[in-house]
2 protein chains.
Amino acid sequence: MADTETSQIEQICIDKGMRMTGQRRVVARVLSESEDHPDVEEIYRRAAMLDPQISIATVYRTLRLFDTANVIDRLEFGDGRARYEVTDDNAHHYHLLDVKSGEVLEFENKEVDRRLKEIAAELGYRLIGDRLDLYGTALEPGEKE
Amino acid sequence: MADTETSQIEQICIDKGMRMTGQRRVVARVLSESEDHPDVEEIYRRAAMLDPQISIATVYRTLRLFDTANVIDRLEFGDGRARYEVTDDNAHHYHLLDVKSGEVLEFENKEVDRRLKEIAAELGYRLIGDRLDLYGTALEPGEKE
DNA sequence: TTAATTGCAAAGTTTTTGCGACCAC
DNA sequence: GTGGTCGCAAAAACTTTGCAATTAA
C-alpha cells in the first residue's frame, strides 16, 4: 500500500537535505495525494487521519517550511484563507475559479508565459514569479462563446 | 481648496444611491487622492488626519462597502494584508511588484486582456474578473533584457 | 549526542460584529 | 421619524511563537 511508500514531496525534501520527521512525512503525503487546492484546516484534517496526534501548529510550520523551500505554492483566491498545491517545476500553470461552484481549474499557456516575461522586461524587470487567476461563470450550452 | 470638493469616489457613490456620511466622504477622499496602494492601517491613518474621530471599524466597513459596490478593488500581494485602489472602468490594469523595494507598478495590455478572455471561453467560462500580478527584480543597466 | 522539531497553550494579526447612541434622507 | 451608520470594545478567524519534552541524524 501507499502507506509505506515515499511520497513525491518527501523525496524532494530528502533531496533538499531536510530533516524528515514523521509529521513532515504525513503532511508531504497529504499534499502529494491532493488533487485539489486545500486550505490549512483541510490539510490538517487530512493529516490527522494519518496521524491523529499531529498539531495544527506543526501543519502551519511545515507548510511554511515547504513553501519557503519552493516545494509547494501558496495560493490566495481572495477568500481570506491560504490554499496550497505542489509546485510543478515542469509546467507553470494558472488558475480559473468557477465563482459559483468554487471549483478551481488549472491551465497552462506558453504564449502567456512568454508575453508576461516580455512585459516585465519592457518595464525593466527580471520576472521571478507571477500569479494569474481568472474568475468566471460556466457558459451554458449554446451561450455566446 | 479640495476640502469642500466632491471627490471622484464620492460622486460615484452618490450616483449609486449610497447614503453618504461624513466618514464615508473622508474614506472616499482618501482613496481618490491616493496614487499608491495603501493597506487598511494606512487608509485609517490618512482618514484620521481628516477626521480624528473616525474608527478603524468604520474604515473596514466602508472599504467592504466600496469593494462590494465595485467602487474600489481589493488587492492581495501575499503579505497578509489587503490593499486597495480605485476601480478604473476604462482601463483594466495589472500589477508588477518590485520584490526588493516593495514598489508596485501598474501596466495595461490589451493583448493580454483579449487572450485571457479567449482562454476562459476555451475552458467554457465567461470571464468576469481576473488578477494578474508579476513579481520581479529591477534589471541593472546593461543586464540581459 | 545534540541541535532541530513537536505539542500545547498563549499571544499576535487582521477583520468582523453586537450594541446603544447618533445621523442622513 | 426611522432605518442606516457610527464608535467602542469584544470576539472571531487565521497564524505565529515560547517553552519543555522529544526525536532525527
Side-chain angles (χ1 to χ4, degrees), chain A residues 6-7 9-30 37-45 47-69 71-84, chain B residues 6-7 9-30 37-45 47-69 71-84:
Chain A
T6 299
S7 71
I9 293 186
E10 182 183 347
Q11 190 55 55
I12 295 171
C13 293
I14 292 169
D15 294 345
K16 294 201 179 210
M18 284 180 196
R19 176 185 248 187
M20 290 313 288
T21 65
Q23 292 89 339
R24 288 183 184 173
R25 254 188 288 274
V26 164
V27 174
R29 171 171 305 285
V30 165
H37 304 80
D39 62 17
V40 178
E41 277 296 335
E42 182 58 30
I43 293 167
Y44 172 56
R45 214 171 292 127
M49 296 199 301
L50 302 177
D51 172 6
Q53 306 308 315
I54 200 168
S55 146
I56 195 163
T58 296
V59 173
Y60 270 106
R61 279 189 280 234
T62 303
L63 291 173
R64 188 153 44 115
L65 177 76
F66 288 178
D67 183 29
T68 301
V71 172
I72 60 175
D73 288 329
R74 179 194 199 100
L75 312 174
E76 288 175 295
F77 293 138
D79 52 4
R81 58 216 158 112
R83 303 169 75 171
Y84 294 87
Chain B
T6 299
S7 71
I9 292 186
E10 182 183 348
Q11 189 56 55
I12 295 171
C13 292
I14 291 169
D15 294 345
K16 294 201 178 209
M18 285 181 196
R19 176 188 264 202
M20 291 312 288
T21 65
Q23 292 88 340
R24 287 184 185 174
R25 255 189 286 275
V26 164
V27 174
R29 170 171 305 286
V30 165
H37 305 80
D39 62 17
V40 178
E41 277 295 334
E42 181 59 30
I43 293 166
Y44 171 56
R45 215 170 291 128
M49 296 199 300
L50 302 177
D51 172 6
Q53 306 308 314
I54 199 168
S55 147
I56 195 163
T58 296
V59 173
Y60 269 106
R61 278 190 277 236
T62 304
L63 291 173
R64 187 152 46 116
L65 177 76
F66 288 178
D67 184 29
T68 301
V71 173
I72 60 176
D73 289 329
R74 180 195 198 98
L75 312 174
E76 288 176 295
F77 294 137
D79 52 6
R81 58 217 156 109
R83 304 169 74 171
Y84 293 89

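These values consider heavy atoms only, across backbone and side chains, with no hydrogens, waters or symmetry-generated copies. We name chains A, B, ... by the order of the sequence lines, and we start the count at 1 in each one.
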* Roughly, in whole Å, what's the span from OH in Tyr44(A) to P in dT6(C)? -> 14 Å
* To do: Counting heavy atoms from C-beta on, name the nucleotide in dT15(C), dC6(D), dG7(C) closest to the side chain of Thr58(B).
  => dC6(D)
* To do: Over all heavy atoms of both residues, which pair between Asp67(B) and Ile72(B) is shortest? Give the atoms and the distance, please.
  => OD1-O, 3.3 Å
* State, to 0.1 Å, how close Glu10(A) and Ala28(A) come at their nearest heavy-atom pair, and which atoms those are. => N-CB, 3.9 Å
* To the nearest angstrom, how far is Asp39(A) atom CG from dA13(D) atom C1'? -> 12 Å
* In whole angstrom, what separates Ile54(A)'s CD1 from dT23(D)'s C1'? -> 15 Å
* How long is the span from the CZ atom in Arg25(B) to the CE atom in Met20(B), to the nearest 0.5 Å? -> 6.0 Å
* Does a side-chain N or O from Arg64(A) land closer than 4.0 Å to OP1 or OP2 of dT17(D), or not? -> yes
* Structure fact -> Between CZ of Arg83(B) and P of dT15(C) the distance, given in whole Å, is 12 Å
* Structure fact -> Whichever of Gln23(A) and Glu41(B) has the more 5' nearest nucleotide on DNA chain C, that residue is Gln23(A)
* B/S/- contact track for nucleotides 19-25 of chain C, protein heavy atom under 4.0 Å -> ----BBS
* Asked: Whole Å only: how far is the CD atom of Glu42(A) from the P atom of dC14(D)?
  -> 13 Å
* Atom pair distance, as rounded to whole Å: CZ in Phe66(A) and C1' in dT5(C) -> 13 Å
* How many Å lie between CD1 on Ile56(B) and P on dA9(D), as a whole number? -> 14 Å
* Does a nitrogen or oxygen in the side chain of Tyr60(A) sit under 4.0 Å from OP1 or OP2 of dT16(D)? -> no
* To do: Give me the one residue out of Thr62(A), Thr58(A), Ile56(A) that meets side-chain contact (heavy atoms from CB on, under 4.5 Å) with Tyr60(A).
  => Ile56(A)
* What integer distance in Å separates Arg24(A):CZ from dT22(D):C1'? -> 14 Å
* Asked: Which pair of non-hydrogen atoms, one from Cys13(A) and one from Phe66(A), has the smallest distance, and what is that distance?
  -> SG-CE2, 3.5 Å
* Of Val27(A), Leu75(A), Ile43(A), Asp39(A), which meets side-chain contact (heavy atoms from CB on, under 4.5 Å) against Tyr84(A)? -> Ile43(A)
* Taking Arg24(B) for the side chain and Arg19(B) for the main chain, is one N or O donor matched with an acceptor at less than 3.5 Å? -> yes
